[in-house]
Amino acid sequence: MKYGIYIFLLAVFQINFCLGQNTASIRDVLDSTNKITPLSANILITKNGQRIFEKSYGYADVEKQKLLTADNSFQLASISKQFTAYGIMILKNKGIIQYDSLVVNYLPEFPYRNITVRHLLNHTSGLPDFWNKIRPNLDTNRSNGNNDALQYLIENHLLLQSEPGSRFEYCDIGYDFLATIIERLSKKTYGQFLEQNIFKPLKMNDTHAYLVTDIRRIQNSKLAIGNVWDPAQKRFLYAHIQSKYNFVFYLGDFYGDGSIVSTARNLALWDRALTNCVLLPCDVQEESMKPYLFEGKPVIDKNGKPVNVGFGWFFFQTPALGTVITHGGGHPGNQHNIYRIPEKNIAFIFLSNAESDDHQKLVDRILQLL
């Protein structure tokens, strides 16, 4: 008996020793990077729900010289999609919606009669390219949103890019329409529904589903302002006032695909809730975490590359980590990642309010150290 306890304690010691070595290496990588190219980010790594690494770099507001802290929140951009998907899953678990039902059953005015809810969830709807086919034709003198995109499709009869279900085409407006479905079926706003069914039960007190993405219209004193690096001035500048990002104004009323604001610590609470199946039964969650298959194989993109996509998540495998469940988020001045590694019970969250061409390289280096 004593021998068994000794072996157990030795194993725990070895695990903790390795984790300590890894977190020290991660700190060295981040610190050395920060000396070369200034970071502006909150990084959090948890193991078994416990924080094993947490550090803030840079400023929440560079103009006012307010330093980032763990309390600061960020515009999550496309990381928001997993919460929209989960809202649909909650409705499905209540018997209010079915994944394989046609969207027109819930949005009768929807102009495509062969697209299902599942197609929207896993980006296989084939909906027209928003950025190139719809956005240029919107009124740039006002802020457009979900209803404007839907109305444009109703009025202009654009062709689908592919047969629904047959090909992966990343589609933001698909998630905007999912948010609209949530509102229609729940009789609540998107924000109210997620607050009541996800954020409040999980005590994610610093997480909010806004109905806008224009940072100038978001009333949140903890919100980190996105930046871009100006090499000439050698300093960060507000991203939302740069001319190349003028769409922040005229696309400011879209929600469902990228309008949630949260903190790294709140996302760690979210990870634990998913791991422990707090809100939904595990078998219900598992369906969202399985790669979508077309004709028995992972769906392919337009280049013929297989894509492992679920409901608001992507998946990949590495020999060292096993299955990795992930999604990124990008918005002017913001680059984010969340990684869930079930086999190691690790969550890695990297929220940055500064754009960098080397962002993903840095994130990948940290992943290799986990």
Side-chain angles (χ1 to χ4, degrees), residues 49 76-108 110 115-125 146 171-211 254-263 266-292 309-315 325-327 329 338 340 342 347:
L76 293 185
S78 287
I79 289 177
S80 304
K81 289 181 173 69
Q82 60 200 249
F83 294 99
T84 304
Y86 209 87
I88 293 292
M89 292 163 60
I90 289 170
L91 292 175
K92 198 266 187 183
N93 194 53
K94 293 180 178 180
I96 297 172
I97 194 172
Q98 298 298 320
Y99 299 143
D100 294 312
S101 289
L102 296 172
V103 173
V104 292
N105 291 338
Y106 311 110
L107 299 180
F110 192 70
I115 292 176
T116 67
V117 173
R118 188 184 300 275
H119 294 149
L120 297 182
L121 286 165
N122 55 37
H123 300 284
T124 60
S125 66
N146 297 11
C171 183
D172 285 325
I173 57 171
Y175 270 77
D176 299 327
F177 298 149
L178 288 170
T180 301
I181 289 172
I182 288 173
E183 293 183 325
R184 293 280 183 93
L185 297 182
S186 69
K187 310 299 182 186
K188 296 179 174 67
T189 68
Y190 172 72
Q192 289 169 342
F193 183 85
L194 294 192
E195 172 69 24
Q196 293 174 14
N197 290 277
I198 300 177
F199 307 147
K200 188 174 181 179
L202 299 182
K203 295 182 171 56
M204 296 174 66
N205 299 325
D206 293 313
T207 304
H208 308 282
Y210 293 106
L211 305 184
F254 283 93
Y255 57 90
D257 69 303
S259 63
I260 291 176
V261 165
S262 188
T263 67
N266 271 202
L267 290 178
L269 292 177
W270 170 237
D271 165 70
R272 293 312 296 165
L274 293 175
T275 298
N276 296 323
C277 305
V278 172
L279 297 178
L280 288 174
C282 291
D283 60 335
V284 174
Q285 286 191 169
E286 283 173 8
E287 186 168 4
S288 73
M289 301 290 179
K290 293 178 181 178
Y292 170 72
V309 60
F311 296 175
W313 293 99
F314 293 94
F315 316 97
I325 305 169
T326 184
H327 208 292
I338 178 171
R340 302 183 60 242

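Counting from 1, the numbers follow the sequence of the chain as shown. Scope of the values below: all heavy atoms of this structure, side chains included, with no hydrogens, waters or symmetry mates.
Between K188 and E183 there is no side-chain heavy-atom pair separated by less than 4.5 Å. Between W313 and L274, some side-chain heavy-atom pair lies under the 4.5 Å cut-off. Taking 4.5 Å as the limit, every side-chain heavy atom of K94 sits out of range of all side-chain heavy atoms of S186. At least one side-chain heavy atom of Y175 sits under 4.5 Å from a side-chain heavy atom of H123. H208 places none of its side-chain heavy atoms less than 4.5 Å from the side chain of F199. With contacts defined as side-chain heavy-atom distances shorter than 4.5 Å, the pair S78/D172 qualifies. Considering only heavy atoms from C-beta on, Y292 stays 4.5 Å or farther from L121 through its side chain.
Smallest separation of non-hydrogen atoms from N146 and F177: O-CE2, 4.0 Å. Nearest heavy-atom pair across A273 and Q285 is O-OE1, 4.3 Å. In plain terms, the two heavy atoms of S125 and L120 that are nearest each other are CB-CD2, 3.9 Å. Closest heavy-atom contact between M89 and V284: CE-O, 3.9 Å. Contact between N93 and P281 at its shortest, heavy atoms only, is ND2-CD, 4.0 Å. The two residues G256 and T84 have their closest heavy-atom pair at O-OG1, 2.6 Å.
Remark: the backbone N or O of I79 is paired with a side-chain donor or acceptor of Q82 at under 3.5 angstrom. Formation of a donor-acceptor pair under 3.5 Å by the K81 side chain with backbone atoms of D257 is found in this model. The main-chain N or O of D176 is found under 3.5 Å from a side-chain atom of T180 such that the two form a donor-acceptor pair. Under the 3.5 Å distance criterion, the side-chain polar atoms of T326 are matched with a main-chain donor or acceptor of I338.
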Working note: V117 + N105, criterion side-chain contact (heavy atoms from CB on, under 4.5 Å); need CA distance, chi angles, decisive distance, verdict. CA-CA 10 Å; V117 173; N105 291 338; over 6 Å; no
* To do: List the steps and the verdict of side-chain contact (heavy atoms from CB on, under 4.5 Å) for F315 and K290.
  => CA-CA 8 Å; F315 316 97; K290 293 178 181 178; over 6 Å; no
Q. Would N197 and Y86 count as a side-chain contact (heavy atoms from CB on, under 4.5 Å) if you check the C-alpha gap in whole Å, the side-chain angles of each, and the deciding distance to 0.1 Å?
A. CA-CA 10 Å; N197 290 277; Y86 209 87; over 6 Å; no
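Taken from CG in L76 to OG in S262, the straight-line distance is 5.5 Å, to the nearest 0.5 Å. Note that OG of S80 and OH of Y210 are 12.0 Å apart. Values are rounded to the nearest 0.5 Å. Distance OG1/T189 to CD/Q196: 8.0 Å, rounded to 0.5 Å. Taken from OG1 in T124 to NE2 in H119, the straight-line distance is 4.5 Å, to the nearest 0.5 Å. Summarising the geometry, atom CG belonging to L185 is positioned 14.5 Å from atom NZ belonging to K92; distances are rounded to the nearest 0.5 Å. The CZ atom of R340 sits 4.0 Å away from the OG1 atom of T275 when rounded to the nearest 0.5 Å.
For Y190, the ring pair (Phe, Tyr, Trp, His ring centres under 6.0 Å) test picks out Y255, with sequence neighbours left out. Take Y99 and apply the ring pair (Phe, Tyr, Trp, His ring centres under 6.0 Å) test, not counting sequence neighbours, and it matches F311.
Side-chain polar atoms of N266 and T207 form a donor-acceptor pair below 3.5 angstrom.
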